[in-house]
Amino acid sequence: MAAMGGSATLAACGGSNYTPAQFRYGVASGDPLATSVILWTHAKRPNLEGDVYLNWQVASDATFNSIVSSGNVIATIAAGNTAKVDATGLAPDNTYFYRFGDESGVYSAVGTTRTLPSASASSVKFAVFSCTLYSAGFFNVYDSAVNSGAQFAIHLGDYIYEYGSDPAKFGNTVVSDPANPATSTTTAVGLGRVVTPANDIVSLNDYRTRYAQYRLDANLQALHAKMPWITIWDDHEFANNAYMDGAQNHDPLTQGTWTARKAVAAQAYHEWMPIRTPDVSNLLKIYRKFDFGTLFSLHMLDTRIEGRTKQVYGYYGDPFDAHVQPYAWADYAAGLTPVSGVYPDAANKMISNTQFNWLTGNIATATTTWQIIGNQDIMAKLWYPQSVVAAFANGPAAFSTAVGTYLAGPRTEFKIPINMDSWDGYPIQRETLLQTIKATGKKLVVLSGDSHNAWFNNLKSLDGTSQIGVEFATTSVTAPGYESAGLGGLASTIDGSSPSIANTNGTGFGLLSDVNYSDTIRRGYLLMTVTAANVKGEFVFVDNIKTKSYAASVGKTVTVAASNLAVSYS
């Protein structure tokens with residue numbers, strides 16, 4: 001990880017007997033600024049342990065005749081033979097080519113990267129990803145994005161998953177249509193996507209091994225080499241339903257302390273991701289900001305590890321888990337009932353007060369047109385009618401009947417949340433955040449992941465009376481969503497687009513009043529285009545992740561106007 005001064009050419013210290021290094025995991029770039037970008041690679045000499053001395057070059061042309069920045073770096077054994085360097089001295093809003101070379105003159109693959117605009121920019125296009133479960137299918141979504149026209153990639157977390165290869169573990173056996181399991185079931189073994197190591201990853205070597213397996217994937221390597229990435233972690237880079245002091249999928253009796261596991265997981269993340277580490281003395285601090293000229297500011301949050309308190313409603317945020325009897329609505333309602341003027345839920349935090357103040361302070365002083373928050377979890381209220389929630393525990397058929405009954409009625413029934421691992425589980429901090437941003441008068445767009453399905457939502461006040469911003473939430477790259485629970489056909493009733501819903505206009509007439517569009521079946525990504533006039537989100541889906549042959553299409557295009565946050569669909 002340590003950069004070396006000196007020229008861009010290394011002497012071949014080993015002479016003719018030097019064994020050339022291998023760059024098996026390709027190259028990557030990330031965290032672009034107006035005049036610099038992080039470059040990454042992994043270099044190791046086969047069958048030899050030790051540091052590998054490298055040079056790196058950034059050029060304005062693919063033939064490297066016009067080198068604009070260069071230097072030396074070491075792929076140290078202490079960093080698992082990964083190497084990162086901050087390439088400086090670049091020009092704003094420019095595309096560059098980069099590569100690494102070893103002492104024998106062997107070079108890595110060539111990557112392309114891009115700097116941020118420093119002032120005006122008429123348009124910026126970027127792709128948004130979340131939830132990449134290796135065992136569940138092929139990374140066709142990444143392949144689709146390579147030629148999408150995106151200039152940058154944003155990954156909102158669950159870049160890897162921590163589960164082992166046991167068939168009973170999440171993602172190793174996927175039923176995409178429970179009504180037809182014989183034809184819809186896929187297994188990691190059948191796909192040739194069995195993860196290594198076989199155990200849930202716990203040690204530093206475990207996490208490194210899992211990242212290495214992901215980075216051997218040709219589609220992932222290609223997308224990393226195509227454009228710079230801006231990433232944030234979620235829970236599975238650590239363990240399922242993680243929070244500051246623990247996780248649902250962490251057992252201290254068999255897996256050691258959470259502090260130790262969290263530390264090695266963070267170390268491996270910083271080693272393998274092209275991230276500019278904000279604080280080398282604290283690898284758990286990764287929230288950061290990027291200004292795309294005067295067009296927009298991107299605020300990347302950590303709503304998982306930095307300050308999140310334990311999920312108190314239900315079992316780690318799941319009110320339907322067998323540990324919870326009955327559904328945990330009573331506790332939730334109590335949290336939203338003031339006691340001597342104080343909401344009990346106010347003690348529950350998705351982010352620390354420090355990060356909260358950092359975010360709201362940045363937004364308050366921003367001079368950019370748009371404020372875009374990159375965030376792991378769904379921020380909008382996804383509250384279902386009470387009768388529908390009650391039927392959920394009785395299976396898809398009962399659930400479907402309850403949905404039909406509700407939609408046939410006056411639709412005035414009280415609604416309650418079902419995913420309390422998301423911002424719905426931290427309603428008072430969410431309300432405080434949204435009201436604080438509203439007071440600034442800034443134009444707010446939130447990008448979210450984690451749910452494994454696609455959403456476009458209104459961000460409203462807790463009482464539903466005030467529109468504060470909008471939310472684009474991407475579906476997963478491979479991880480299964482609602483369809484794996486037999487709820488794949490739910491989308492049109494969620495967002496009100498079903499022809500059977502009287503007076504439908506796509507907003508407020510479905511099950512979830514704050515949801516304007518949803519897709520509860522397909523895998524894909526978001527292709528976002530930002531201009532001063534509007535923000536456009538294209539929900540891109542692939543039709544298959546079970547084979548490497550696929551087709552991609554846009555399921556819905558949503559455009560939000562800067563003037564008044566008016567929304568149009570196509």
Side-chain angles (χ1 to χ4, degrees), residues 3 8 27-41 56-62 64 66-71 73 84-99 110-128 149-156 223-232 270 273-280 285-301 358-359 361-374 442-443 445 447 527-533 535 562:
V27 295
S29 68
D31 277 17
L33 300 177
T35 60
S36 65
V37 66
I38 297 293
L39 307 179
W40 177 97
T41 196
W56 57 270
Q57 300 171 332
V58 179
S60 58
D61 64 310
F64 289 83
S66 300
I67 295 175
V68 298
S69 187
S70 62
V73 67
K84 286 198 298 188
V85 64
D86 198 349
T88 60
L90 309 180
D93 205 19
N94 267 259
T95 296
Y96 292 99
F97 302 86
Y98 67 96
R99 65 183 180 182
V110 174
T112 57
T113 191
R114 187 174 183 85
T115 51
L116 301 186
S118 62
S120 62
S122 59
S123 177
V124 171
K125 182 176 286 190
F126 56 88
V128 184
Q151 299 162 303
F152 307 92
I154 296 175
H155 202 292
L156 298 175
L223 190 59
H224 268 301
K226 179 71 172 183
M227 65 190 70
W229 287 45
I230 299 173
T231 69
I232 203 81
H270 283 274
M273 303 301 286
I275 180 177
R276 178 180 285 100
T277 304
D279 185 352
V280 294
K285 179 182 177 182
I286 61 168
Y287 57 87
R288 55 210 194 280
K289 179 174 75 79
F290 302 86
D291 289 324
F292 288 71
T294 58
L295 197 54
F296 67 94
S297 296
L298 174 64
H299 312 267
M300 296 294 283
L301 298 190
W358 169 86
L359 172 63
N362 283 336
I363 291 177
T365 58
T367 58
T368 44
T369 301
W370 296 94
Q371 303 308 304
I372 301 180
I373 294 176
K442 303 299 172 64
K443 305 178 193 309
V445 174
L447 305 174
L527 186 60
M528 304 294 299
T529 304
V530 183
T531 68
V535 169

Give the C-alpha distance, both sets of side-chain angles, the deciding distance and a yes or no for side chain to side chain contact (heavy atoms under 4.5 Å, CB included) between V280 and H270. CA-CA 10 Å; V280 294; H270 283 274; over 6 Å; no

Whether K442 side chain and I363 backbone form a donor-acceptor pair below 3.5 Å: yes

What verdict does the side chain to side chain contact (heavy atoms under 4.5 Å, CB included) test give for L447 and F126, after you've listed the backbone C-alpha separation in whole Å, the side-chain angles of each residue and the deciding distance to 0.1 Å? CA-CA 12 Å; L447 305 174; F126 56 88; 3.7 Å; yes

Checking the side chain of W229 only, and the main-chain atoms of L223 only, is there a donor and an acceptor separated by less than 3.5 Å? yes

Short side-chain to backbone donor-acceptor contact, R114 and Q151, under 3.5 Å: no

If you take all heavy atoms of F290 and I230, which pair is closest and at what distance? CE1-CG2, 3.4 Å

So, taking the atom named CD1 in I232 and the one named CD1 in I286, what distance separates them when rounded to the nearest 0.5 Å? 3.5 Å

Quick check: do M528 and I154 have side-chain heavy atoms less than 4.5 Å from each other? no

Under 4.5 Å between any side-chain heavy atoms of V530 and I372, yes or no? yes

Residues A532 and L295: closest non-hydrogen pair is N-CD1, 3.3 Å

Roughly how far, to the nearest 0.5 Å, is the OH atom of Y287 from the CG atom of D279? 9.0 Å

Heavy-atom closest contact (D86 atom, V37 atom, distance): OD1-O, 3.5 Å

Nearest-0.5 Å distance that lies between atom CG in L298 and atom CG in N362: 11.5 Å

Is there a donor-acceptor contact under 3.5 Å from the side chain of T369 to the main chain of F296? no

Would you mind reporting whether V73 and K84 have side-chain heavy atoms less than 4.5 Å apart? no

What distance separates K443 NZ from Q371 CD, expressed to the nearest 0.5 Å? 10.5 Å

Any donor and acceptor pair, going by atom type alone, linking the side chain of T115 with main-chain N or O of A91 inside 3.5 Å? yes

For T531 and W370 the tightest heavy-atom approach is O-NE1, 2.9 Å

Minimum heavy-atom separation for P117 and D93, please, with both atom names. CA-CB, 3.9 Å

How many angstroms lie between atom NZ of K125 and atom CE of M227, to the nearest 0.5 angstrom? 10.5 Å

Counting distance only, does the side-chain N/O of T231 pair as donor-acceptor with the main-chain N or O of H155 below 3.5 Å? no

How many angstroms lie between atom OG of S60 and atom CG of N94, to the nearest 0.5 angstrom? 8.5 Å

Do L156 and M300 have side chains that get closer than 4.5 Å, going by heavy atoms? yes

Between Y98 and S29 (side chain of the first, backbone of the second, donor and acceptor by atom type, cut-off under 3.5 Å), is there such a pair? yes

Aromatic rings W358 and H299: how do their planes relate, parallel, tilted or perpendicular, breaks at 30° and 60°? perpendicular

Taking the side chain as every heavy atom from C-beta outward, state whether L90 and V68 have any pair of such atoms under 4.5 Å apart. yes

Relative to the ring of F292, is the ring of F152 parallel (under 30°), tilted (30 to 60°) or perpendicular (over 60°)? perpendicular

What closest approach, in Å, do P274 and W40 show between heavy atoms, and which atom pair accounts for it? CB-CB, 4.1 Å

Just by modelled atom types, is the S66 backbone N or O under 3.5 Å from a matching donor or acceptor in the D61 side chain? yes

